[in-house]
Peer 1: 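Here it is, the structure in full.
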Amino acid sequence: MTDTLETTAASVPQERRVVTAIPGPKSQAIHERRLKVVPPGVTAALPVYIERAHGAILVDVDGNQFIDLGAGIGVTTIGHTDDAVVAAVQEQVAELTHTLFTITPYEGYVRVAELLAEHTPGDFEKRSVLVNSGAEAVENGVKIARKYTGRNGVAVLDHAYHGRTNLTMAMNFKAAPYATGYGPLAGDVYRAPSSYPFHDGLSGAEAAKRTISYLEKTVGAADLACLVVEPIQGEGGFMVPADGYLPALQEWCTANGVVMIADEIQAGMARTGAYFAAEHFGWVPDLVLSAKGIAGGLPLAAVTGRAEIMDASQPGGLGGTFGGNPVSCAAAIAVFDQIESNGLLAEGKRIESVLTAGLTELQSKYPVIGDVRGIGAMIAIELVQPGTHEPNAAAVTSIAAFAAQKGVLLLTAGTYGNVLRFLPSLAISDELLADALGVIDEAFAAL
Ligand SMILES: *Cc1c(COP(=O)(O)O)cnc(C)c1O
């Protein structure tokens, strides 16, 4: 076991290295096979096929090494093949891989629920149900809120992203590509204006007033089971809401018997320098959804929240065959332990200061960068037509393509496709960040 660990870490030096065209010949060969057996609905942002990874570096089958600024969309938050996670998984997989928690339970699930109760915002009794994916957590959060309130309505915000299942498709802001042609969509979903300071210029109080009055007029609190909100919107483009916005919505929800749900699937689990991003805003949600970063790359997701809300569901109403798989639970326990024992919350703050400083400097050189925003290891730049707030998706595409050719994996985002998001693992060094920023500087210069 130790051998395997040493080999992975040693065989992936933390440096960028481009040794073939991107994608290289071996990647191209696999890609051709893929096109015959995988439908185009499943895309590949960068068709280099990855063989192994460690820390913040991906190694493809041609031997190219990429600085990973995406972490599998915020999944390998504490770094690829983190030694402690690998060890925990190896040990667990040899001991027990499945019983089904609702048949014959095991301790790992209980331990993950304890850790979530301890680290999610709010000082009250909590319960957690474990599932397999973010969308499944969203679906369960809505079910739990409906059962508790006896109401049907689901409120979401403009620019939201919540998944690709039937209910969550209806909750996304963007129909294309997520929902186009996949109807009928779930009903009783209502979308309200959000807080998007770069575009709306509203204070938190003003934006909250607009959201609330919209919900009161178009649905009415009496018919709303829940309001589901990402504390920092992910796919929408890393919008950090104005101060006071989220607590004002929570206050309105509490006063009106609406369950407010934090979709922390992208922003949560130590990514922003806090366990959960809601903390930055003084927001204590009723329910918290976690997934992506929770288990170091293994599939796991959770709904965690107030005991009285969670306990309203009847026995048998919640669960699923693979939910809270023992191996995923072992990985999640190791992730929590690494965050705590290695002080990883501080790493989020370190990455924020390096990225924000570097990107702000680029903004002063390149007027195409309209906004630099985000918290912790969740930073974005919004590209515009210089001098305006009009989206510039073409520039985003060029920058990401240029960076990929140089060995930097940079993800795009934004309702209008005009956002570059920096979502590295907390294991990324200042040197790798500086190297990546240098490449991005070159990319802007070449625009
Ligand atoms: C990724 C994501 C989801 C969906 O998670 P899946 O695991 O892909 O189903 C939901 N909400 C947010 C905020 C996300 O970023």
Side-chain angles (χ1 to χ4, degrees), residues 41-45 70-77 120 129-143 145 154-174 177-179 182 186 189 191 194-196 226-241 246 260-272 276-278 280-281 283 285 287-304 320 322-325 328 331-332 374-380 411-415 419 421-423:
V42 182
T43 54
I73 312 200
V75 169
T76 52
T77 301
T120 47
V129 54
L130 304 185
V131 291
N132 305 291
S133 70
E136 206 187 340
V138 176
E139 295 256 1
N140 277 280
V142 170
K143 273 172 65 173
V154 175
V156 292
L157 297 181
D158 285 352
H159 308 290
Y161 178 79
H162 298 293
R164 286 183 171 93
T165 56
N166 185 261
L167 172 60
T168 56
M169 280 193 295
M171 295 169 68
N172 297 335
F173 183 69
K174 273 165 81 164
Y178 306 121
Y182 297 141
V189 175
R191 189 171 303 106
S194 57
S195 169
Y196 192 165
C226 57
L227 167 60
V228 186
V229 174
E230 299 158 83
I232 300 171
Q233 292 184 313
E235 302 305 302
F238 288 17
M239 286 80 107
V240 179
L246 295 170
M260 191 163 170
I261 304 179
D263 180 344
E264 291 260 13
I265 289 166
Q266 192 158 154
M269 276 309 280
R271 173 145 297 280
T272 64
F276 290 90
H280 296 293
F281 307 98
W283 173 27
L287 301 181
V288 170
L289 312 177
S290 43
K292 294 196 162 94
I294 190 177
L298 274 84
L300 187 68
V303 184
T304 302
F322 289 116
N325 172 272
S328 295
I375 302 180
M378 189 172 185
I379 305 291
L411 303 179
T412 64
T415 294
V419 174
R421 58 175 146 178
F422 297 77
L423 203 62

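As the structure lists them, so they are numbered: ligands from 1, and atoms in each ligand from 1. For reference, positions follow the sequence shown, starting with 1.
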Peer 1: For A291, which part has a heavy atom under 4.0 Å from ligand 1: side chain, backbone, both, or neither?
Peer 2: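 For A291, no heavy atom sits under 4.0 Å from ligand 1.
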
Peer 1: Nearest protein heavy atom to atom 5 (O) of ligand 1, by residue and atom, and its distance?
Peer 2: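 Sorting protein heavy atoms by distance from atom 5 (O) of ligand 1 puts G134 CA, 3.2 Å first.
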
Peer 1: Checking a contact table here: which protein heavy atom is nearest atom 9 (O) of ligand 1, and how many Å away?
Peer 2: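 Going atom by atom, the protein heavy atom closest to atom 9 (O) of ligand 1 ends up being A135 N, 2.8 Å.
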
Peer 1: Between ligand 1 and Q266, is the shortest N or O to N or O distance under 3.5 Å?
Peer 2: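 It does: an N or O of Q266 is found under 3.5 Å from an N or O of ligand 1.
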
Peer 1: Has ligand 1 got any nitrogen or oxygen that is less than 3.5 angstrom from a nitrogen or oxygen of E230?
Peer 2: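 No - when backbone and side-chain N and O of E230 are compared with those of ligand 1, no distance drops under 3.5 Å.
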
Peer 1: Working to the nearest 0.5 angstrom, can you tell me the gap between S195 OG and H159 NE2?
Peer 2: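 These two atoms lie 10.5 Å from each other.
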
Peer 1: For Q233 and Q266, which I'm curious about, is there any donor-acceptor pair between the side chains at under 3.5 Å?
Peer 2: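 Short answer, no.
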
Peer 1: So which protein heavy atom does atom 10 (C) of ligand 1 come closest to, and at what separation?
Peer 2: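 For atom 10 (C) of ligand 1, the nearest protein heavy atom comes out as H162 O, 3.3 Å.
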
Peer 1: Verify the distance criterion only: is there a donor paired with an acceptor across the side chains of T168 and E139 at less than 3.5 Å?
Peer 2: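 Not at all, the side chains of T168 and E139 share no donor-acceptor pair under 3.5 Å.
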
Peer 1: For F238 and F422, run ring pair (Phe, Tyr, Trp, His ring centres under 6.0 Å): C-alpha distance rounded to whole Å, both residues' side-chain angles, the deciding distance at 0.1 Å, then the answer.
Peer 2: CA-CA 10 Å; F238 288 17; F422 297 77; 9.0 Å; no

Peer 1: Provide, to 0.1 Å, the distance between atom 14 (C) of ligand 1 and the closest protein heavy atom, together with that atom's residue and name.
Peer 2: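 Heavy-atom neighbour on the protein nearest atom 14 (C) of ligand 1: K292 NZ, 2.9 Å.
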
Peer 1: Using non-hydrogen atoms of the residue, decide whether S133 is closer than 4.0 angstrom to ligand 1.
Peer 2: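 Judged by the 4.0 Å heavy-atom criterion, S133 does count as contacting ligand 1.
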
